[in-house]
There are 2 protein chains.
Amino acid sequence: MAISFTEENYLKVIHRLSEATQEDISTNAVAEQMQTKAASVTDMLRKLADKGWVNYQKYQGVRLSPTGEKIALSIVRKHRLWELFLVEKMGFNWDEVHDIAEQLEHIESDELVNKLDEYLGFPKTDPHGDPIPNKDGILPELAYSQLSEIKANKTCKLMGVAQDSTVFLQLLTKLNLSLGAKLDIQEINEFDRSIFVSINDAAPIFISHEVAKNILVKS
Amino acid sequence: MAISFTEENYLKVIHRLSEATQEDISTNAVAEQMQTKAASVTDMLRKLADKGWVNYQKYQGVRLSPTGEKIALSIVRKHRLWELFLVEKMGFNWDEVHDIAEQLEHIESDELVNKLDEYLGFPKTDPHGDPIPNKDGILPELAYSQLSEIKANKTCKLMGVAQDSTVFLQLLTKLNLSLGAKLDIQEINEFDRSIFVSINDAAPIFISHEVAKNILVKS
DNA sequence: AATATTTTTTAGATTAACCTAAAAATTTAA
DNA sequence: TTAAATTTTTAGGTTAATCTAAAAAATATT
């Protein structure tokens, strides 16, 4: 069945919100993510339900149906493959690729996506460490922790970020934090939960709890 | 000023039609190319004229303004660069890339286009031999002839095609005709103007005048 | 030159995606 | 457990791009 860019974006947003919770997703939550009004969301949810891509009962919130889930994962797959392409092959920085990938993710050609996947060497993660679904929509298991959960005196490796916003990524770049960085946690301050950490064996610096929550690491 | 996919497609079509003639482009000609109705075209032409991208007086046909020309060339540039990318890097055949490039040509990022250009080695032509405008919108001069205009007993080289339709390109592929092929014209039949030609020194075959008109060669 | 034909435009609708304002349902709090 | 606050939906409009049918202009033909 034909699908519009807008419908794809709604499915993607519902998918993203569903990853964080087991509960049904509220109209307002979707509205906020879509940068639109609740009334518009209600219209669209009814339409997506008619097409069989979501389960929606009014006032009860929304969930993706199995078909909707499959569509959403294929968009996520495209987004992340294109992001990696932009960084690896086109020479963009990791904080520059989101908006372009938002456009490229709507290009419709299974053959292209699979060739791109092959061209990139069937990667498991994108430039932000997010897992890339394979052609069957299976997400590789990554099991990373937030840096904010690691104990003092432990060493870990930066594997990904929980947020792709430009400001956040640029901050990390400024701190010399990129994928694969080695992190030695010297101390955690009780007062504000900020972390005193050495990056790639350099002189230790302070990182706020807010930043640490958005950094994903492997011990 | 913001531009929609549809508006881009209209400018592209007007540009293509303008290449073949000096005259103003008729509403019906645009309608045919856009696969829509004349009434819809009239509406759009008025809108494009309001935006300053075309010169249009009702009943008089339409031409691109300098700004419109610039936009159209940037779309052509993107289309052709993406086509080359699809063939060179993704391994598609030249008859498979048109529809995907029709989507990719609307991706908006000057930086991406220029990086893609560089990645491909600042190519002069796309997989069909069509010239690629550079970043300033300048088209390289190619000056090719139609195979149908070449005299008997001459040798030439296949440099491009005047048509990108799948059926045509697949026919050429079947005849072992691809960019760079060496063509020895043995004989031109007066009756139907078909050409008896040897391709890459193989045993000569017949090519219809219709096909020969759409093959571009360099002596 | 008058008429017929073709082309183009206008008028009035339709659809997708959005909006605001008001009504209805649900949730929270007194 | 009723009232207040919040969330969600409905109702009624808007805009972009399309359509059909009819009117107007341009072109071709007798």
Side-chain angles (χ1 to χ4, degrees), chain A residues 1-14 17-18 20-64 68 71-72 75 102-103 105-106 108, chain B residues 1-14 17-18 20-64 68 71-72 75 102-103 105-106 108:
Chain A
M1 196 182 329
I3 186 167
S4 69
F5 281 21
T6 308
E7 290 167 340
E8 290 194 344
N9 285 332
Y10 270 92
L11 294 179
K12 190 180 57 161
V13 155
I14 297 165
L17 292 168
S18 299
T21 172
Q22 301 294 79
E23 325 225 325
D24 289 4
I25 306 307
S26 73
T27 301
N28 265 353
V30 175
E32 195 195 343
Q33 288 286 313
M34 287 296 299
Q35 313 229 68
T36 185
K37 296 302 157 79
S40 311
V41 174
T42 300
D43 285 352
M44 182 55 87
L45 294 185
R46 201 139 44 76
K47 192 166 127 194
L48 294 175
D50 286 347
K51 293 196 170 190
W53 297 330
V54 301
N55 297 117
Y56 166 68
Q57 307 262 92
K58 59 174 159 168
Y59 295 107
Q60 301 310 130
V62 69
R63 304 239 74 187
L64 291 177
I71 298 169
I75 301 164
E102 291 273 295
Q103 300 179 60
E105 73 191 4
H106 299 295
E108 195 183 293
Chain B
M1 198 182 329
I3 185 167
S4 70
F5 281 21
T6 307
E7 289 167 341
E8 289 194 344
N9 285 332
Y10 271 93
L11 293 180
K12 188 179 58 163
V13 155
I14 297 165
L17 292 167
S18 299
T21 173
Q22 302 294 80
E23 325 225 325
D24 288 4
I25 307 306
S26 74
T27 301
N28 266 353
V30 175
E32 195 195 342
Q33 289 285 314
M34 286 296 298
Q35 313 229 67
T36 186
K37 298 301 159 80
S40 310
V41 174
T42 300
D43 285 351
M44 182 56 86
L45 294 185
R46 202 140 41 78
K47 193 166 126 193
L48 295 175
D50 285 349
K51 293 195 170 191
W53 297 330
V54 301
N55 297 117
Y56 166 69
Q57 307 261 93
K58 58 175 162 168
Y59 295 107
Q60 301 310 129
V62 68
R63 303 240 75 187
L64 291 177
I71 297 171
I75 301 164
E102 291 272 297
Q103 300 180 60
E105 73 192 4
H106 300 295
E108 196 184 293

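So you know, we letter chains A, B, ... as the sequences are listed, proteins then strands, and number each from 1.
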- Message: Checking B:N9 now: which residues fulfil side-chain hydrogen bond (donor to acceptor under 3.5 Å, both in side chains) with it, not counting sequence neighbours?
- Response: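 Applying side-chain hydrogen bond (donor to acceptor under 3.5 Å, both in side chains) to B:N9 gives B:H106.
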
- Message: Among residues 31-43 of chain A, which ones have heavy-atom contacts with DNA chain D below 4.0 Å?
- Response: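 Result for residues 31-43 of chain A: A:A38, A:A39, A:T42, sorted by number.
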
- Message: Which residues pass the salt bridge (Lys or Arg N to Asp or Glu O under 4.0 Å) test with B:K37, not counting sequence neighbours?
- Response: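 B:K37 satisfies salt bridge (Lys or Arg N to Asp or Glu O under 4.0 Å) with no other residue.
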
- Item | With sequence neighbours excluded, residues passing salt bridge (Lys or Arg N to Asp or Glu O under 4.0 Å) with B:E102 |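 Expected list: B:K12.
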
For [X], enumerate each residue passing the side-chain contact (heavy atoms from CB on, under 4.5 Å) test, keeping only those at least two apart in sequence or located in another chain.
X	answer
A:A39	none
B:E7	B:I3, B:S4, B:M44, B:K47, B:L48, B:K51, B:W53
B:A38	B:T27, B:N28
A:S18	A:I14, A:I25, A:R63

- Contact under 4.0 Å: A:Y10 side-chain N or O vs C:dC18 OP1/OP2: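 Yes.
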
- Task: Find the distance A:M1:CE to C:dA16:P and express it as a whole number of Å.
- Result: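 In whole Å, C:dA16 P and A:M1 CE are 13 Å from each other.
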
- Message: Rounded to whole Å, please give me the gap between CZ in A:R46 and P in D:dT9.
- Response: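 Value for this atom pair: 9 Å.
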
Give me, pair by pair, the N or O atoms of the protein and of nucleotides 22-27 of chain C that are less than 3.5 Å apart, along with how far apart they are.
unit_1: C:dA25; atom_1: O4'; unit_2: A:Y59; atom_2: OH; d: 3.4

- Message: Working note: A:Y56 + A:D50, criterion side chain to side chain contact (heavy atoms under 4.5 Å, CB included); need CA distance, chi angles, decisive distance, verdict.
- Response: CA-CA 9 Å; A:Y56 166 68; A:D50 286 347; over 6 Å; no

- Query: Where along residues 20-29 of chain A does a heavy atom fall under 4.0 Å from DNA chain C?
  - Reply: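 Hits under 4.0 Å, by residue number: none.
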
